[in-house]
*Asks:* 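Starting off with a structure, shown below.
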Amino acid sequence: MINYIEEIADILLEAMGGDSLSREEVVSMIEIPQDEKMGDYAFPCFKLAKVLRKAPPLIAADIAESIQGFDLFEKVESVNAYVNMFISREGYVADLLKDVVAQKEDFGKSDVGGGKKVLVEYSSPNIAKPFHIGHIRSTVIGNSIALIYQALGFDVEKLNHLGDYGTQFGKMICAYRRWGNKEDVIASPIKTLLTYYTKFHVEAEKDPTLDQEARDIFTRLEQGEPEEMELWQWFREESLKEFNRVYDMFGITFDSYNGESFYSDKMPRFLDELKAKGLLKESEGAQIVELEEAGLPPALITKSDGSTLYITRDIAAAVYRKEHYDFYKNIYVVASQQNLHFQQWIEIVELLGYEWARDCVHVPFGLISMEEGTMSTREGRVIFLEDVLNKAVEKTKEIIVEKGVNTDNVEETARQVGIGAVVFQELSNNRIKDYVFSWDRVLNFEGETGPYVQYTHARAASVLRKAGAEAVAAAEGKCLEDGLDGTYIVSDSAYELLKLIYAMPAVIEEAGERYEPSILTRHIINIAQAFNRFYHNEHVLVKDEDEKTAKLAVVIAAKTAIKNGLALLGMEAPEKM
RNA sequence: GCACCAUUAGCUCAGCUGGAUAGAGUAGCGCACUACGAAUGCGAAGGUCGGGGGUUCGAAUCCCUCAUGGUGCACCA
């Protein structure tokens with residue numbers, strides 16, 4: 001399909017004559033008016049005023065006059081300082097529909113990535129701790145970013161950097177040995193391990209020797225003592241089973257579960273490098289790196305007892321990943337609370353002389369709180385992610401029964417819609433915003449929600465079913481052989497819908513560049529709204545064969561765009577609901 | 001104390017590298033199911049874009065400042 005902005009830029013350049021503006025400038029100046037009555041594309045002439053030494057409205061009028069005759073345009077007019085261009089709709093719609101039908105499930109994808117390696121680290125829960133609503137952000141946003149990069153033609157590696165290391169495991173093992181039993185852990189791993197953990201803290205208040213015991217156990221664990229290793233491994237596996245239950249509900253998979261423990265033996269090497277470069281400094285018994293020149297507070301690399309910290313492992317992990325994957329980009333979907341942490345370690349990697357330091361990008365997001373305040377596992381103020389998903393599925397089931405929806409499999413549909421609602425909600429707003437969790441909000445299925453978009457898709461599917469497979473195949477055939485009669489689908493509602501579909505590949509690219517799935521989410525809503533408007537305004541299954549064929553092609557395109565878009569958010573699009 | 005982030009309609013939020021009259025959803029109000037699915041569509045109403053300066057032909061958008069809220073800042077991750 002032709003690139004309209006590029007095409008228009010060429011026409012404008014010729015009309016302006018001379019070299020008042022570069023092609024690049026012209027391309028970046030062409031805009032899409034927010035009001036469609038102003039045209040499909042507009043060109044503001046303010047910047048030309050200085051060069052041409054003429055009032056902007058006059059320039060606009062001149063340009064409008066001289067590009068009047070091009071076939072590309074149905075109409076060109078000047079309004080104040082703007083040249084407003086209206087595209088010839090018939091050619092546009094037929095051209096676009098051919099493109100969408102030809103690409104089908106690949107519509108929206110591109111190959112800008114050229115197979116380059118991109119790592120996305122996300123979800124990364126702590127072992128033996130509950131998987132709560134706070135974890136939804138990294139999990140769902142990260143998954144969508146990974147899917148978007150895949151669609152852009154990158155070779156994506158999905159990493160779950162498990163929090164499976166640290167003195168907390170010394171405490172856990174210590175507690176298990178004193179008060180634990182195997183059956184309870186197997187029956188309900190995370191809940192049980194958590195009670196051990198809290199019990200440890202209570203007991204340690206009374207008996208401080210427990211802390212020392214836990215530290216000793218952790219030291220043995222670090223040294224690879226078989227008994228401790230075995231227990232740790234077991235806790236890890238049991239926890240992972242629970243996490244996987246949630247990942248399965250979301251339909252999320254990972255390529256690697258290498259967590260912090262995996263990198264624990266990769267630290268000495270780069271500690272030596274730091275020393276060799278003279279970056280390490282002693283302060284109050286600890287080893288630090290001064291980052292004053294970067295305007296950052298000093299980073300603590302090793303504690304006064306010689307043990308390492310989180311930041312040390314993150315740097316070791318980055319170095320390992322560069323050598324192991326040779327990434328083009330290394331993306332971390334981690335809460336904004338860790339902004340400083342990332343600034344510090346990326347700066348340190350740069351100081352070490354690694355030119356790839358800035359290929360590591362932190363993608364932060366805001367925090368979720370509860371109406372009662374911040375979440376606290378220990379005080380029981382926590383909402384489990386699994387509960388949220390289950391409730392959403394249940395509510396969906398109720399609605400299906402209530403509305404008497406004809407679906408092939410109620411359970412399956414309820415799962416797709418219920419979980420889709422939660423995912424869609426999470427991906428609706430800019431990631432950086434904080435928000436307060438609200439049951440009303442996640443369980444709202446009207447307006448700008450996942451179910452609304454899925455419903456629109458199901459509705460389109462329903463029209464195609466009614467039309468019959470033959471008619472659909474015929475419409476697709478017509479699109480491909482340029483036999484579609486565009487005159488039937490140039491109404492405002494059809495055209496606005498098709499324009500949004502045309503924009504989708506660019507939207508996906510932007511969502512990737514800005515690491516912001518919500519851009520895509522919003523666009524899918526816009527497509528759904530435009531489709532519903534079209535659907536209400538026009539009757540698709542009409543008697544006239546050519547008209548029906550053209551309109552069916554619009555329905556096929558809308559359905560394809562919605563389905564492909566939802567897939568990049570990590571959502572399914574049921575045929576019936 | 002210092003740093004970073006946020007502040008747009010009653011509520012929840014869009015608003016791209018500065019561009020035309022600041023847009024959705026939701027709540028409330030008024031409409032539309034004898035056409036392909038009402039988890040829908042249409043209409044009216046709703047705004048000192050946190051306050052104040054500045055840059056610019058032009059600012060919700062850029063700069064400064066103040067206010068409010070959040071997060072982080074040495075042995076947790």
Side-chain angles (χ1 to χ4, degrees), chain A residues 28-29 31-35 38 42 44 46-47 49-50 55-56 79-82 84 124 126 129 163 165-168 260 283-288 295-311 313-314 335-341 343-344 364 366-367 369 396 399-400 402-403 405-406 417 421 428-430 432-436 438 440-441 444-456 458-467 506-507 510 513-514 518-519 521-522 525-526 528-529 532-533 535-542 548 551-552 555 576-577:
Chain A
S28 76
M29 280 164 67
E31 49 188 69
I32 297 171
Q34 58 255 61
D35 186 349
M38 303 292 209
F46 303 100
K47 281 187 184 137
K50 271 182 192 152
V79 177
N80 296 325
Y82 288 85
N84 291 341
S124 312
N126 284 332
K129 293 256 181 77
Y165 194 80
T167 40
Q168 48 172 330
E260 290 175 62
S283 168
E284 296 170 36
Q287 299 287 323
I288 64 160
L296 298 170
L300 195 63
I301 302 295
T302 63
K303 298 195 255 183
S304 44
D305 67 2
S307 59
T308 58
L309 286 140
Y310 180 45
I311 194 168
R313 290 189 283 281
D314 253 348
S336 63
Q337 277 139 315
Q338 301 195 29
N339 279 350
L340 178 60
H341 165 78
Q343 280 177 23
Q344 287 182 319
L367 61 72
S369 55
T396 309
I399 295 176
I400 289 177
E402 179 192 313
K403 291 190 188 292
V405 178
N406 162 35
V417 176
S428 289
N429 298 338
N430 281 346
I432 202 65
K433 304 253 183 177
D434 294 343
Y435 70 86
V436 178
S438 137
D440 287 347
R441 195 141 66 120
N444 170 32
F445 292 178
E446 272 157 33
E448 297 174 331
T449 64
Y452 168 80
V453 174
Q454 287 172 320
Y455 172 79
T456 307
R459 192 183 228 184
S462 169
V463 175
L464 298 184
R465 270 197 305 274
K466 284 262 156 61
V507 168
E510 195 193 348
E513 273 167 18
R514 288 169 55 187
S518 67
I519 297 172
T521 311
R522 301 255 155 208
I525 292 174
N526 290 338
Q529 285 172 335
N532 284 323
R533 216 164 287 144
Y535 179 88
H536 271 266
N537 287 350
E538 308 206 29
H539 196 189
V540 177
L541 302 178
V542 292
K548 186 169 84 176
K551 286 181 170 174
L552 277 176
V555 177
K576 296 178 186 172
M577 65 180 272

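In what follows, every chain begins at residue 1, and chains take the letters A, B, ... in the order their sequences are listed.
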*Asks:* Nearest to the side chain of A458(A), heavy atoms from C-beta on, is which of G37(B), A39(B), C13(B)?
*Replies:* G37(B)
*Asks:* If pairing requires Watson-Crick or G-U wobble contacts with both distances under 3.5 Å, which nucleotide is the partner of C76(B)?
*Replies:* none
*Asks:* Using the P atom in both, what is the distance from C31(B) to U71(B), to the nearest Å?
*Replies:* 47 Å
*Asks:* Can you tell me which nucleotide in C57(B), A14(B), A39(B) comes closest to the side chain of K403(A)?
*Replies:* A39(B)
*Asks:* Looking only at side-chain atoms of R441(A), point me to the closest of C36(B), U40(B), U12(B).
*Replies:* U12(B)
*Asks:* Treating K551(A) as the side-chain partner and H539(A) as the backbone partner, does any N or O pair qualify as donor plus acceptor under 3.5 Å?
*Replies:* yes
*Asks:* Tell me which nucleotide, if any, is Watson-Crick or G-U wobble paired with C42(B) when both distances must be under 3.5 Å.
*Replies:* G30(B)
*Asks:* Measure all distances between protein nitrogen or oxygen atoms and nitrogen or oxygen atoms of nucleotides 15-17 of chain B, and list the pairs falling under 3.5 Å.
*Replies:*
| unit_1 | atom_1 | unit_2 | atom_2 | d |
| --- | --- | --- | --- | --- |
| G15(B) | OP2 | N430(A) | ND2 | 3.3 |

*Asks:* At 4.0 Å (heavy atoms only), tell me whether N84(A) reaches a base, stays on the sugar-phosphate, or touches nothing.
*Replies:* base
*Asks:* Please tell me which of V463(A) and G447(A) maps to the more 5' nucleotide of RNA chain B, matching each residue to the nucleotide holding its nearest heavy atom.
*Replies:* G447(A)
*Asks:* For the pair made of CG in N537(A) and C1' in A38(B), what is the distance, rounded to whole Å?
*Replies:* 16 Å
*Asks:* Would the distance check show the side chain of Q344(A) and the main-chain N or O of P297(A) forming a donor-acceptor pair, the cut-off being under 3.5 Å?
*Replies:* yes
*Asks:* Check whether any side-chain N or O of Y310(A) sits under 4.0 Å from OP1 or OP2 of A77(B), and answer yes or no.
*Replies:* no
*Asks:* Under 4.0 Å between a side-chain N or O of K47(A) and OP1 or OP2 of C57(B)?
*Replies:* no
*Asks:* What distance, rounded to whole Å, do you find between the two C1' atoms, one in A24(B) and one in C49(B)?
*Replies:* 16 Å
*Asks:* Tell me the interatomic distance from R533(A), atom CZ, to G43(B), atom P, rounded to whole angstroms.
*Replies:* 8 Å
*Asks:* Report yes if the side chains of D314(A) and H341(A) come closer than 4.5 Å at any heavy-atom pair, otherwise no.
*Replies:* yes
*Asks:* Please measure how far the C1' atom in G51(B) lies from the corresponding atom in A67(B), and state the result in whole Å.
*Replies:* 7 Å
*Asks:* Need one value for I400(A): base, sugar-phosphate or nothing, where a base atom within 4.0 Å counts as base even if backbone is also close, heavy atoms only.
*Replies:* base
*Asks:* Across the strands shown, which category fits E538(A) at heavy-atom distances under 4.0 angstrom: base, sugar-phosphate, nothing?
*Replies:* base
*Asks:* Provide, to the nearest angstrom, the distance between the CD1 atom belonging to I399(A) and the P atom belonging to U40(B).
*Replies:* 10 Å
*Asks:* Can you tell which of C36(B), U40(B), A14(B) lies closest to the side chain of K433(A)?
*Replies:* A14(B)
*Asks:* Hey, is the side chain of Q34(A) poking within less than 4.0 Å of OP1 or OP2 on A20(B), counting only N and O atoms?
*Replies:* yes
*Asks:* Please tell me which of the listed nucleotides, G25(B), A35(B), G37(B), lies nearest to the side chain of Y535(A)?
*Replies:* G37(B)
*Asks:* Please work out if A81(A) contacts a base, only the sugar-phosphate, or nothing of the nucleic acid, heavy-atom cut-off 4.0 Å.
*Replies:* nothing
*Asks:* When we call it a touch if two heavy atoms are under 4.0 Å apart, what does P364(A) touch: a base, just sugar-phosphate, or nothing?
*Replies:* nothing
*Asks:* Rounded to the nearest Å, what distance is computed from the OH atom of residue Y452(A) to the C1' atom of nucleotide G25(B)?
*Replies:* 10 Å
*Asks:* Does M577(A) form a side chain to side chain contact (heavy atoms under 4.5 Å, CB included) with I400(A)? I'd like the steps, not just the answer.
*Replies:* CA-CA 7 Å; M577(A) 65 180 272; I400(A) 289 177; 5.9 Å; no
*Asks:* Distance between the C1' atoms of C76(B) and U17(B), in whole angstroms?
*Replies:* 40 Å
*Asks:* Got a second to check how far Y435(A)'s OH is from N429(A)'s CG, nearest 0.5 Å?
*Replies:* 8.5 Å
*Asks:* What integer distance in Å separates D35(A):CG from A22(B):P?
*Replies:* 12 Å
*Asks:* So which protein N/O to nucleotides 70-75 of chain B N/O distances come out below 3.5 Å?
*Replies:*
| unit_1 | atom_1 | unit_2 | atom_2 | d |
| --- | --- | --- | --- | --- |
| G70(B) | O2' | D434(A) | OD2 | 3.1 |
| A74(B) | N1 | S283(A) | OG | 3.1 |
| C75(B) | O2 | S304(A) | N | 2.6 |
| C75(B) | O2 | S304(A) | OG | 3.2 |
| C75(B) | N3 | S304(A) | OG | 3.2 |
| C75(B) | N4 | E284(A) | O | 2.7 |

*Asks:* Please give the nucleotide sitting opposite U48(B) as a Watson-Crick or G-U wobble pair, both distances under 3.5 Å, or none.
*Replies:* none
*Asks:* Could you state the CD-P distance from Q344(A) to C4(B), rounded to the nearest angstrom?
*Replies:* 14 Å
*Asks:* Rounded to the nearest 0.5 Å, what's the gap from CG on N126(A) to CD on E260(A)? Could you check?
*Replies:* 7.0 Å
*Asks:* Any strand is fair game: report the nucleotide pairing with G23(B) by Watson-Crick or G-U wobble, both distances under 3.5 Å, or none.
*Replies:* C13(B)
*Asks:* Measure from the side chain of K576(A), starting at C-beta and using heavy atoms only, and say which of G37(B), A39(B), U40(B) lies closest.
*Replies:* G37(B)
*Asks:* Rounded to the nearest 0.5 Å, what separates atom OH in Y535(A) from atom OG in S462(A)?
*Replies:* 6.5 Å
*Asks:* Which base sits across from C36(B) as a Watson-Crick or G-U pair, both distances under 3.5 Å?
*Replies:* none
*Asks:* Check the distance between U26(B)'s C1' and Q529(A)'s CD and give it to me in whole angstrom.
*Replies:* 13 Å
*Asks:* Counting Watson-Crick and G-U wobble pairs only, both distances under 3.5 Å, name the nucleotide matched with U56(B), or none.
*Replies:* none
*Asks:* Does A38(B) have OP1 or OP2 sitting under 4.0 Å from an N or O in the side chain of R459(A)?
*Replies:* yes
*Asks:* On a whole-Å scale, what distance lies between the P atoms belonging to A32(B) and A38(B)?
*Replies:* 16 Å
*Asks:* Report the nucleotide, chosen from C13(B), A39(B), A77(B), that has the shortest atom-to-atom distance to any side-chain atom of V405(A).
*Replies:* A39(B)
*Asks:* Using the C1' atom in both, what is the distance from C63(B) to U21(B), to the nearest Å?
*Replies:* 28 Å
*Asks:* Quick one: look up who A6(B) pairs with, Watson-Crick or G-U, both distances under 3.5 Å, and put none if it's unpaired.
*Replies:* U68(B)
*Asks:* So does K47(A) have more than 12 non-hydrogen atoms from other groups sitting under 6.0 Å from NZ?
*Replies:* no
*Asks:* Would a distance-only check, ignoring hydrogens and angles, find a side-chain to backbone donor-acceptor pair under 3.5 Å from N84(A) to M38(A)?
*Replies:* yes
*Asks:* What's the spacing between T396(A) OG1 and Q454(A) CD if we round to 0.5 Å?
*Replies:* 8.5 Å
*Asks:* Within the 3.5 Å criterion, strictly below it, is a donor on S307(A) or D305(A) matched to an acceptor on the partner's side chain?
*Replies:* yes
*Asks:* Is it the case that A39(B) (base atoms only) and N444(A) (side chain only) share a donor and an acceptor within less than 3.5 Å, ignoring hydrogens and angles?
*Replies:* no
*Asks:* What's the gap between G47(B) and U8(B) when it is taken at their C1' atoms, as a whole Å value?
*Replies:* 8 Å
*Asks:* What distance, rounded to whole Å, do you find between the two C1' atoms, one in U48(B) and one in A44(B)?
*Replies:* 24 Å
*Asks:* Rounded to the nearest Å, what distance is computed from the CD1 atom of residue I301(A) to the P atom of nucleotide C76(B)?
*Replies:* 14 Å
*Asks:* Is any side-chain heavy atom of L300(A) closer than 4.5 Å to a side-chain heavy atom of I311(A)?
*Replies:* no
*Asks:* F445(A) has a side chain; which of A77(B), C36(B), A39(B) sits nearest to it?
*Replies:* A39(B)
*Asks:* Just call it for N532(A): base, sugar-phosphate, or nothing, with non-hydrogen atoms closer than 4.0 Å on any strand.
*Replies:* sugar-phosphate
